[in-house]
Amino acid sequence: MSLYQQIYDTVRRIPYGRVSSYGRVALLAGLPGHARMVGYALHALGSHGDDVGEVPWWRVVNATGYISNAYQPELQRALLEAEDIVVDHRERVDLRRFLWEGDESML
DNA sequence: CAACTGACTGCCG
DNA sequence: CCGGCAGCCAGTT
């Protein structure tokens, strides 16, 4: 299984209405310290095709709660709000309310 | 093969 | 709270 698939699988675990950060996804995927690779993997979703629909990429924001997406920040904001996740006027999510820590046992 | 480029992060001032 | 900066690493040029 490729590193990307491992990352996609982890992103798929993020529950509806919750968010996670690039760093946490990397950690849960068994790739501690590789936050940037998570962003890279999500960016690659569009290019190599078909799995875009099954990976909830919009539930991933950066460590401070901001939307890091350089491509479609507006779309990500809309998708998050559609799940009742509050995004403030500066594109930030309150991690104290919506951050999904993940299941400790999956480490 | 050497540089460059990010959907990142933690640390420091 | 904000900007700067060094690690990070797979793809592109």
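A, B, ... follow the sequence lines: proteins, then strands. Residue 1 opens every chain.
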(request) Using a cut-off of strictly less than 4.0 Å between a heavy atom of the residue and any atom of DNA chain B, enumerate the qualifying residues of residues 78-85 of chain A by number. (result)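 Of all residues in residues 78-85 of chain A, none places a heavy atom under 4.0 Å from DNA chain B.
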(request) Determine whether more than 12 heavy atoms belonging to other residues, nucleotides or ligands lie under 6.0 Å from atom CD of A/Glu81. (result)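 Atom CD in A/Glu81 is packed in, count exceeds 12.
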(message) Would A/Thr64 and A/Arg92 count as a side-chain contact (heavy atoms from CB on, under 4.5 Å) here? Give the steps.
(response) CA-CA 8 Å; A/Thr64 62; A/Arg92 181 175 45 189; 5.8 Å; no
Please report, rounded to the nearest Å, how far the [atom2] atom of [N] is from the [atom1] atom of [X].
X       : N     : atom1 : atom2 : answer
A/Arg92 : B/dC8 : CZ    : C1'   : 17 Å
A/Leu99 : B/dT9 : CG    : C1'   : 15 Å
A/His43 : B/dA7 : NE2   : P     : 7 Å
A/Tyr8  : B/dA7 : OH    : C1'   : 11 Å
A/Leu95 : B/dT9 : CG    : C1'   : 14 Å
A/Leu31 : B/dC8 : CG    : C1'   : 14 Å

(message) Rounded at 0.5 Å granularity, tell me how far CD1 in A/Ile85 sits from CD in A/Gln76.
(response)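 Spacing of CD1 (A/Ile85) from CD (A/Gln76) equals 9.5 Å.
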(request) Report which part of the nucleic acid A/Ser21 touches: base, sugar-phosphate, or nothing (heavy-atom distance under 4.0 Å, all strands). (result)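 Here A/Ser21 touches the backbone only, sparing every base.
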(message) Applying a 4.0 Å non-hydrogen cut-off, can you work out what A/Asn69 is touching in the nucleic acid: base, sugar-phosphate, or nothing?
(response)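 Here A/Asn69 touches the bases of the nucleic acid.
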Give each protein N/O atom lying under 3.5 Å from an N/O atom of nucleotides 6-13 of chain C, with the pair distance.
from	atom 1	to	atom 2	distance (Å)
C/dG7	O6	A/Arg36	NH1	3.4
C/dG11	O4'	A/Tyr40	OH	2.6

(message) In dot-bracket form, 5' to 3', how is DNA chain B paired? Count Watson-Crick and G-U wobble pairs only if both distances fall under 3.5 Å, and write | where the partner sits on another strand.
(response) .|||||.||||||
(message) A side-chain contact here means heavy atoms from C-beta on lying under 4.5 Å apart; do A/Trp57 and A/Asn69 qualify?
(response)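 Yes, close enough: below the 4.5 Å cut-off.
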(message) Between A/Arg90 and A/Asp88, does any NZ, NE, NH1 or NH2 come within less than 4.0 Å of an OD or OE carboxylate oxygen?
(response)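 A/Arg90 and A/Asp88: not salt-bridged.
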